[in-house]
Amino acid sequence: MRVIRHFLADGAPQPAAARHGDVYDPNQGTVQARVGLGDAAVLERAVAAARAAQPGWAATNPQRRARVMFEFKRLVEANMEELAHLLSAEHGKVIADSKGDIQRGLEVIEFACGIPHLLKGEHTPGAGPGIDVLSMRVPLGIGAGITPFNFPAMIPMWMFGVAIACGNAFILKPSERDPGVPMRLAELMLEAGAPAGILQVVHGDKEMVDAILDHPDIAAVSFVGSSDIAHYVYSRGVAAGKRVQAMGGAKNHGIVMPDADLDQVVNDLTGAAFGSAGERCMALPVVVPVGEKTALALREKLVPAMAKLKVGISTDPEAHYGPVVNAAHKARVENWIQTCADEGAELVVDGRGYKLQGHEEGFFIGPTLFDHVTPDMSSYREEIFGPVLQMVRAESFEDALALPSRHQYGNGVAIFTRNGHAAREFAARVNVGMVGINVPIPVPVAYHSFGGWKRSAFGDHNQHGTEGVRFWTKVKTITQRWPDGSPDGSNAFVIPTMG
Ligand code: NAD
């Protein structure tokens, strides 16, 4: 069986790992590869190579660093088909969606190509007599990224695209469930001209994550995954003196106002709730129709639209979505369906027990719909992360606004309406980080930044955009004076002022 090893720059042999993780073929339900889970000794090798490579990379002028990013983008585009097939084969999302995953990552690489402009500092000539002040952004040194299974191309690129362009060395610890694409990205980065040691990949689980969080030479950690682990990573990393951004889980609501175009809503909602089998942190797993009439009309259109969805293997061009990532995740989602039913919600469409002919052991779950879900239910409070849509009925705009605002997660939210005032009011008042107005999945473009609120993100800076540049750099401010040799007569015992 194929064994996936670490991507280390030192080129020395890698002894067989003591522990392995299984990489499944979610279409068939079989194990297709094993990934060696690393430990502190593996990390030490990566850090040593990063330490050796980073000063030279930081001293490379930003335009040259940008050229490497341009070349990397070209190489990823040239290898798009291969990467998308590899991604689908390990994750289970359909090929078109895998291409979207890669493309959204590439958009951050395009942003990072502008790094010479983004890193320009501030300069105040004559801040005092003969005194100039310069502020500049300098790289942190070695950064690390710990990423989830659901976007194995985009999320690593969010992180290393900006971190590397800023002059850092980067160590990526991708999800052990689908590590194939991150490995290929590291190979392509090397081929694009990044020096060895600037992007390395180490595999592992908690043991490797802890080693990263505790390593004194790693200055910053970017994490994306579930909230409990995000909080853990944030707390432990900050306690070790690191800069940490840790994005967590989500439970995004779609508010449907009585004046919304329901055909458009149903089209958007089916894609946003069931696309990628609901394994997206910006999925819309909760729909909130406002008013009884809206709820009835929406349900009437939604149920037949769901019946038309095709669940298929990830290479089926007709399939709307594919299997979930592994057996454990399938069982978890199906348990949540049972819990939601036990909690008293009406199970309108049950996707459990979905069997695809010829792929009976694949991890498929049919689209599932609950109505009359209420905020006290644990299945509403927690993230399910599967193709399950929960309808929570609201009586008024204020009720609808309160639901996502009070929820423990605050990643994304959407409102569907033709009323500009309602939309504006909603966007201004909702207690959530990313808002869509008639946009079901409001993932910001690369030059804006991505990040939720509440338990969806711990730390101060968002991913990519100028927030990303701030996260991966620190500010150095230089106050300089070049005296002409004659004493200026100032009292050196008093704090200097510019007055
Ligand atoms: P996960 O939390 O299980 O894993 C994320 C990373 O943490 C992986 O690299 C994993 O190896 C590591 N990890 C797992 N257990 C750990 C432990 N006990 N201690 C330390 N590290 C550990 O998440 P996942 O299932 O891979 O991804 C899905 C989750 O990610 C969902 O909750 C989803 O909402 C979230 N997500 C959030 C965003 C966002 O930007 N907010 C984006 C994508 C996914």
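Residue numbers count from 1 along this sequence. Atoms within a ligand are numbered from 1 in the order they appear, just like the ligands themselves.
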Query - Contacting atoms of ligand 1, where contact means under 4.0 angstrom from a heavy atom of Gly249 - result: 32 (O), 34 (O)

Query - Salt-bridge contact Arg184-Glu82 (side-chain N to carboxylate O under 4.0 Å) - result: yes

**Report entry** Under 3.5 Å donor-acceptor, Asp39 side chain and Ala41 backbone
**Finding:** yes

Query raised in the report: For ligand 1, which part of His329 has a heavy atom less than 4.0 Å away: the side chain, the backbone, both, or neither?
Result: neither

Query raised in the report: Do other residues, nucleotides or ligands put more than 12 heavy atoms under 6.0 Å from the CD atom of Glu44?
Result: yes

Report summary line: In ligand 1, the atoms that come under 4.0 Å of a heavy atom of Val224 are 5 (C), 36 (N), 37 (C), 38 (C), 39 (C), 40 (O), 42 (C), 43 (C), 44 (C)

Requested in this report: Could you tell me which atoms of ligand 1, counted from 1 in the order shown, lie closer than 4.0 angstrom to a heavy atom of Ile146?
Outcome: 6 (C), 7 (O), 9 (O)

Report task. Could you say whether the N/O atoms of Lys173 and ligand 1 ever approach to under 3.5 Å? Result -> yes

Query raised in the report: What do we get for Val233 next to ligand 1 when only non-hydrogen atoms under 4.0 Å count, side chain, backbone, both or neither?
Result: neither

**Report entry** Exceeds 12 heavy-atom contacts within 6.0 angstrom, atom CZ of Arg19
**Finding:** yes

Query - Identity and separation of the nearest protein heavy atom to atom 42 (C) of ligand 1 - result: Cys281 SG, 2.9 Å

Report task. Quick one: look up the protein heavy atom nearest atom 32 (O) of ligand 1 and list residue, atom name and how far away it is. Result -> Glu383 OE1, 2.6 Å

Requested in this report: Could you tell me whether Asp205 and ligand 1 have an N or O pair separated by under 3.5 Å?
Outcome: no

Query raised in the report: Does at least one non-hydrogen atom of Gly248 fall below 4.0 angstrom from an atom of ligand 1?
Result: yes

Query - For atom 35 (C) of ligand 1, closest protein heavy-atom neighbour - result: Gly225 O, 3.1 Å

Query raised in the report: Tell me, which protein residue and heavy-atom name are nearest atom 8 (C) of ligand 1, and how many Å apart are they?
Result: Thr147 O, 3.3 Å

Query raised in the report: Does ligand 1 have a heavy atom under 4.0 Å from the side chain of Glu279, from its backbone, from both, or from neither?
Result: neither

Query - atom 3 (O) of ligand 1 - nearest protein heavy atom and its distance - result: Arg177 NH2, 3.5 Å

**Report entry** Carboxylate-amine/guanidinium contact Asp205 Lys173, below 4.0 Å
**Finding:** no

Query raised in the report: Tell me: protein heavy atom nearest atom 27 (O) of ligand 1, and distance?
Result: Pro148 CB, 3.2 Å

Query raised in the report: Do other residues, nucleotides or ligands put more than 12 heavy atoms under 6.0 Å from Tyr447 OH?
Result: no

Query raised in the report: Checking ring pair (Phe, Tyr, Trp, His ring centres under 6.0 Å) for the pair His203/Phe7: CA distance, chi angles, key distance, verdict?
Result: CA-CA 9 Å; His203 301 291; Phe7 189 86; 9.7 Å; no

Query raised in the report: Would you call Lys310-Asp316 a salt bridge at under 4.0 Å N-O?
Result: yes

**Report entry** Which residue and heavy atom of the protein sit nearest atom 18 (N) of ligand 1, plus the separation
**Finding:** Lys206 CD, 3.8 Å

Query raised in the report: Taking atom types as modelled and ignoring hydrogens, do the side chains of Gln338 and Arg352 form a donor-acceptor contact shorter than 3.5 angstrom?
Result: yes

Report task. Under 4.0 Å, heavy atoms only, figure out whether ligand 1 is touched by the backbone of Phe450, its side chain, both or neither. Result -> side chain

Query raised in the report: Stepwise, does the side chain to side chain contact (heavy atoms under 4.5 Å, CB included) test hold for Leu369 with Met306?
Result: CA-CA 9 Å; Leu369 177 67; Met306 285 173 62; 3.7 Å; yes

Query raised in the report: Under 4.0 Å from atom 21 (N) of ligand 1, do we find at least one protein heavy atom?
Result: yes

Query raised in the report: At a non-hydrogen distance cut-off of under 4.0 Å, which region of Glu176 contacts ligand 1 (side chain, backbone, both, or neither)?
Result: side chain

Query - Tyr232-Lys206 side chain donor-acceptor pair, cut-off 3.5 Å - result: yes

Requested in this report: Determine, step by step, whether Tyr380 and His253 satisfy the ring pair (Phe, Tyr, Trp, His ring centres under 6.0 Å) criterion, reporting the C-alpha distance in whole Å, the side-chain angles of both residues, the deciding distance to 0.1 Å, and the verdict.
Outcome: CA-CA 11 Å; Tyr380 167 78; His253 294 51; 5.5 Å; yes

Requested in this report: Would you tell me which option among Pro152, Ala283, Gly452, Ser226 has the nearest heavy-atom contact to atom 1 (P) of ligand 1?
Outcome: Ser226

Query raised in the report: Evaluating non-hydrogen atoms only, which member of Ile155, Ile229, Asn150 is closest to atom 14 (C) of ligand 1?
Result: Ile229

Query raised in the report: Which protein non-hydrogen atom lies closest to atom 26 (O) of ligand 1, naming both residue and atom, and how far is it?
Result: Phe149 N, 3.0 Å

Query raised in the report: Which heavy-atom pair separates Pro387 from Tyr321 by the least distance, and what is that distance?
Result: CB-OH, 3.5 Å

Query raised in the report: Can you say whether the rings of His464 and Phe450 are parallel (under 30°), tilted (30 to 60°) or perpendicular (over 60°)?
Result: tilted

Query raised in the report: Between the candidates Phe151, Trp158, Phe223, Phe385, which shows the shortest non-hydrogen contact distance to atom 7 (O) of ligand 1?
Result: Phe223

